[in-house]
Amino acid sequence: MSEVMPTPESEAELAFEGALRPKSLSEFVGQQKVRGQLQLLLHAATLQNRTPDHILLAGPPGLGKTTLAMIVAYESGRPLRMSSGPAIQHAGDLAAVLSSLVPGEVLFIDEIHRMARSAEEMLYLAMEDFRIDIMVGKGAGATSIPLDLAPFTLVGATTRSGLLPNPLRDRFGFTAHLEFYETGELERVLARAAEMLELEVDPGALTSIASRSRGTPRIANRLLRRVRDYALVHRTTAGQEAVDAALELYDVDELGLDRLDRAVLDAILTRFEGGPVGLNTLAVSVGEEADTIESVVEPFLVRIGLLSRTPRGRVATAAGWRHLGRRAAIPAALFDDQL
Ligand SMILES: Nc1ncnc2c1ncn2[C@@H]1O[C@H](COP(=O)(O)OP(=O)(O)OP(=O)(O)O)[C@@H](O)[C@H]1O
């Protein structure tokens, strides 16, 4: 008798994410402006029977960049090739991908800011003229052989658009800036997910999960999964009590801050008297990558008004002090900034 192997948790999470991905623009919740912009761009390309312009998707993780890239391919009826910046460490890696694209294919490069410099330069020409120059040989005898490419649409995604060199940024026909979602929008994301998972959740509980999801659909769906686990294990309904218990267990507070968000805020208050403190110093003090603090933690803390970025560094706001239950030592930097 064959034994059924359980699915590893990480795979189950991925399958869960994949199953919940909206397939079309009409199923995609929120980001109304970006949806309208994309719709126009895709429609115009269809009317002219050409490949859509290259698209850059910028914004914090989990807001739907990969999902939108898939939607661009789906809506324009074109095949999709997926790659990522860290996988492109040499110009040759990119040449291999580009030269094997079929006409009209959508090429998605996630974390495009992490691609090798030499590949970036190759991409400029590829995006503009659908052509690359392959270098053959070394030193004085090196020659470049031009290679024509099939026309394609590049969809790049980045959490750090500021790191992209201008020549690359300028070659995108359109840059979509994804914003954090409102609670009402996340409620819709969650209601759709609950329905697809055939999970009964009280409407009040959905609102509560939505308001504690850092404005991020990926986090909303993940918290829903934890609430479902709690209800399953404790044989209870997925109501407010299950939400409070599950989120407390996973260190998600009433504003949706997680352990790292609080560690960053706490370090600014406790070790640097509210700031200003530089990014690298802050990263070392919480033992985290500066990149993660800048692209994941800060945008959310700034958005909900607990942190402000000043030319001299990061400063906790009065609301930041209050959130961690501290009395502000009235940092001088706050006055400097708010006068
Ligand atoms: N607007 C949306 N409506 C419904 N679900 C969404 C939406 N945006 C994202 N999601 C869900 O959130 C999850 C994460 O989305 P996605 O992988 O597209 O984010 P991302 O921005 O590409 O993240 P990363 O930068 O980490 O790759 C997906 O499972 C998707 O189902």
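As the structure lists them, so they are numbered: ligands from 1, and atoms in each ligand from 1. Remember, predicted model here, so these are calculated numbers, not experimental data.
Side-chain N or O atoms of Thr216 include none that pairs as donor or acceptor with a backbone N or O of Ile219 at under 3.5 Å.
For the pair Pro299 and Glu294, the tightest heavy-atom approach, listed with the atom from each and the gap, is CD-O, 3.2 Å.
In this structure, Phe272 has no ring pair (Phe, Tyr, Trp, His ring centres under 6.0 Å) partners at least two apart in sequence or on a different chain.
Other residues, nucleotides and ligands contribute more than 12 heavy atoms inside 6.0 Å of the CD atom of Gln48.
A heavy-atom cutoff of 4.0 Å around ligand 1 is satisfied by the protein residues Glu17, Leu20, Arg21, Pro22, Phe28, Val29, Pro61, Gly62, Leu63, Gly64, Lys65, Thr66, Thr67, Asp110, Tyr181, Val189, Pro217, Arg218, Asn221.
Taking the six-membered ring where tryptophan is involved, the planes of Phe300 and Phe180 are perpendicular, since the angle between them exceeds 60° and thus also 30°.
Between the side chains of Arg21 and Thr66, no donor-acceptor pair is found at a separation under 3.5 Å.
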